[in-house]
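Below: one structure, written as structure tokens.
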Amino acid sequence: MDSHIRTLDQIATAIAIFDRGKTLVFANAAYRQLWDLEQGFLEQKPSDSEILERLRAARRLPEQADFRSWKNGLLSLYHSLDPAPQVWHLPDGRTIRVGFDPNPQGGLTYLFDDVTERFTLESQYNSLARVQTETLDALQEGVAVFGADGRLKLYNPSFGRMWRLPLNQLSEKPHMDLIAQGCRGLVPDDAAWNDLRSIVTGLHAARMGFERRLPRTDGSIVDCAAAPLPDGGTLLTFIDVTDGVNVERALTERNEALMAAERLRDDFVHHVSYELRSPLTNIIGFIQLLGDSSVGPLNEKQREYTSYVLKSSAALLAIINDILDLATIDRDAMELRTEDVDIAKTIREAAEGVQDRLAESQVELSLVMPKDIGVFQADSKRIRQILFNLLSNAIGFSEPGQTVTLAAFRRSDDVVFKVSDNGRGIPPEILDKVFNRFESHTLNSRHRGVGLGLSIVRAFVEAHGGQVLIDSAPGEGTVVTCIFPTRGVRELGCPTSGDKAEGQA
């Protein structure tokens with residue numbers, strides 16, 4: 001008996017033995033620890049009923065609406081031949097499995113096992129399994145999991161609907177070969193199914209993923225992906241990408257059509273501009289001949305009319321030249337002829353080109369530059385065109401009596417040109433659009449143009465590797481700053497040295 005007692009004290013199962021009089025005759029150490037009972041109390045050989053009352057008072061037994069009936073039912077097990085085990089859920093959160101072993105000579109042996117951890121893990125596992133099942137069932141993608149033996153272990157309804165497979169067939173956990181055979185009607189590509197079968201059932205030293213796009217006979221397109229699982233199984237996912245592929249195809253076709261239309265437009269503009277410039281140049285030449293007294297005198301009215309025709313023709317020729325320049329830029333065919341540009345001379349030439357506009361608009365022009373400003377490497381023709389467009393734009397938005405200023409100075413490794421006016425200014429919502437082609441916001445001003453001047457300016461400045469900055473506020477005028485590198489043309493996109501131009505916001 002002493003040997004048995006020492007053995008029973010070593011096991012984790014709590015054991016309590018009661019005789020035929022329902023009196024405790026033995027309780028091991030695990031029983032005392034489980035119910036937190038004093039050794040002295042147990043040595044008094046209490047009855048089963050006394051122990052139950054003591055445990056109830058300490059709130060260590062399951063809560064019962066009728067404790068007396070529950071206790072009587074428990075004590076009745078002394079006369080049962082084969083009582084079934086019970087599970088007790090205690091108020092402190094523990095779960096106890098209770099076994100009963102009637103003694104042949106009378107009495108009852110209780111066996112208590114604390115299964116709280118097992119029940120908790122089982123509950124968590126069941127909850128996780130339900131969440132995973134609900135998640136898979138809600139997915140629009142088809143999901144199938146195959147075991148290491150190649151048989152279907154798990155699938156969602158979308159998988160059966162996508163491949164038109166009967167649910168009763170899937171519930172039988174068929175082999176991958178039967179699944180492939182049922183899917184070949186929609187995807188007759190044997191090579192694809194052979195690869196999938198090899199991924200699912202093959203023995204690979206290094207298991208790899210798998211991705212493939214499967215065009216189906218019904219016109220839809222499915223993306224298939226396979227991923228190895230840690231238990232040796234394989235996860236297959238099937239996603240219907242028909243809409244995305246159709247949109248991608250439509251966007252690609254639309255982009256190609258737009259590019260073709262853009263090339264056609266550029267070719268049309270380029271050829272038409274050339275065809276317009278030739279006769280226009282002839283018109284200007286003949287008008288100039290008419291103004292020459294060598295071909296015969298003109299009366300005052302005729303000279304006035306020829307002057308209007310000459311000015312309009314010159315304006316039209318400037319627009320055509322701008323369009324040709326933009327078409328050349330779009331074709332990436334513009335070449336800069338860099339040379340030593342005399343800055344002071346170029347500024348004076350640009351100023352001479354706008355003298356008629358200054359006189360017509362009654363606007364003053366102020367030139368500000370150091371005497372020793374010198375030269376820099378650039379295309380002199382394009383620099384004059386830049387300054388001419390900036391001055392024309394500033395004059396057009398100035399009021400009579402105001403002054404337009406053209407300033408030039410050096411800063412670090414840059415040459416800076418700045419054209420400023422005191423006109424009406426540019427609203428903030430329009431400021432970001434002024435360099436766009438055909439953006440001409442001439443409302444309430446005397447300026448008339450097609451919106452190409454500033455586009456030409458930015459294109460030419462950036463072709464030199466420079467930068468254009470604009471600062472303006474309604475009612476305060478506008479400042480346009482062009483920054484050029486002094487040591488030749490930089491690569492496009494290279495930042496210019498120095499800080500932002502003065503006057504920039």
Side-chain angles (χ1 to χ4, degrees), residues 119-258:
F119 269 71
T120 301
L121 292 176
E122 184 177 353
S123 176
Q124 292 176 347
Y125 172 80
N126 292 335
S127 176
L128 180 61
R130 286 194 299 270
V131 170
Q132 290 177 340
T133 300
E134 293 293 335
T135 302
L136 288 177
D137 290 347
L139 291 176
Q140 297 298 320
E141 297 83 358
V143 178
V145 176
F146 291 85
D149 58 355
R151 301 187 70 86
L152 183 66
K153 294 177 58 179
L154 178 68
Y155 65 94
N156 65 346
S158 296
F159 174 73
R161 289 194 301 268
M162 181 177 293
W163 295 106
R164 303 172 188 174
L165 298 172
L167 294 181
N168 57 352
Q169 178 186 353
L170 295 178
S171 62
E172 296 175 358
K173 312 299 182 184
H175 194 270
M176 177 62 189
D177 291 341
L178 294 178
I179 297 290
Q181 184 178 353
C183 296
R184 276 190 171 89
L186 290 172
V187 178
D189 186 357
D190 291 337
W193 294 113
N194 289 337
D195 290 342
L196 275 176
R197 185 183 182 282
S198 175
I199 292 293
V200 172
T201 63
L203 299 177
H204 303 282
R207 304 182 67 209
M208 305 290 291
F210 173 85
E211 292 183 359
R212 178 166 296 184
R213 177 158 292 180
L214 305 175
R216 306 198 333 171
T217 55
D218 59 359
S220 61
I221 300 174
V222 173
D223 274 356
C224 170
L229 299 178
D231 62 352
T234 305
L235 170 68
L236 298 184
T237 58
F238 300 90
I239 304 175
D240 190 337
V241 295
T242 307
D243 293 338
V245 171
N246 290 339
V247 170
E248 181 182 358
R249 185 182 297 121
L251 289 176
T252 301
E253 293 174 353
R254 180 180 177 84
N255 184 57
E256 292 175 353
L258 289 174

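Here, residue 1 is the first one in the sequence, and each next residue gets the next number.
Atom NZ of K173 is separated from atom CG of L178 by 14.5 Å, given to the nearest 0.5 angstrom. Atom CD of E253 is separated from atom CD of E248 by 11.0 Å, given to the nearest 0.5 angstrom. Note that the CH2 atom of W193 and the OG atom of S198 stand 14.5 Å from one another [nearest 0.5 Å].
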For R151 and D177, what are the C-alpha separation, side-chain angles and deciding distance, and is it a salt bridge (charged side-chain N to carboxylate O under 4.0 Å, His left out)?
CA-CA 9 Å; R151 301 187 70 86; D177 291 341; over 6 Å; no
Can V143 and Y155 be said to form a side-chain contact (heavy atoms from CB on, under 4.5 Å), step by step?
CA-CA 6 Å; V143 178; Y155 65 94; over 6 Å; no
Quick one: do L186 and D218 satisfy side-chain contact (heavy atoms from CB on, under 4.5 Å)? Show the steps, please.
CA-CA 7 Å; L186 290 172; D218 59 359; 4.3 Å; yes
Apply side-chain hydrogen bond (donor to acceptor under 3.5 Å, both in side chains) to T252 and R249, showing your working.
CA-CA 5 Å; T252 301; R249 185 182 297 121; over 6 Å; no
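Across L136 and N156, no two heavy atoms sit closer than the pair O-ND2, 2.9 Å. Closest approach of T217 to P188, counting heavy atoms only: CG2-CD, 3.7 Å. Closest approach of A144 to L152, counting heavy atoms only: CB-CD1, 3.8 Å. The two residues M162 and D240 come nearest to each other via the heavy atoms CE-N, 4.2 Å. Of all the heavy atoms in T242 and G219, the pair that sits closest is CG2-O, 4.2 Å. The minimum heavy-atom distance between A225 and E211, with the atom names listed, is CB-CG, 4.1 Å.
Within the 4.5 Å cutoff, no side-chain heavy atoms of W163 are placed close to those of S158. Side-chain contact between D195 and F210 is present, with heavy atoms from C-beta onward closer than 4.5 Å. A 4.5 Å side-chain heavy-atom check between D189 and R184 finds every atom pair outside the cut-off. Residues V222 and R213 fail the side-chain proximity criterion, which asks for heavy atoms closer than 4.5 Å. The side-chain heavy atoms of V187 and P215, taken from C-beta on, include no pair separated by under 4.5 Å. When side chains are defined from C-beta on, T237 does not count as touching C224, because their heavy atoms never get closer than 4.5 Å. Side-chain contact between I221 and R216: absent, with no pair of heavy atoms (C-beta onward) separated by less than 4.5 Å. Side-chain contact between L154 and L235: absent, with no pair of heavy atoms (C-beta onward) separated by less than 4.5 Å.
Judged by distance alone, the side chain of S127 and the main-chain N or O of Q124 form no donor-acceptor pair under 3.5 Å. No donor-acceptor pair under 3.5 Å is formed between the side chain of N255 and the backbone N or O of L251. Although no hydrogens or angles enter the test, the distance criterion places a donor-acceptor pair under 3.5 Å between the side chain of T201 and the main chain of R197.
Using bins of under 30°, 30° to 60° and over 60° for the plane-to-plane angle, the ring pair F238/F159 lands in the tilted bin.
Comment: D231 engages K153 in a salt bridge, judged by a side-chain N to carboxylate O separation of less than 4.0 angstrom.
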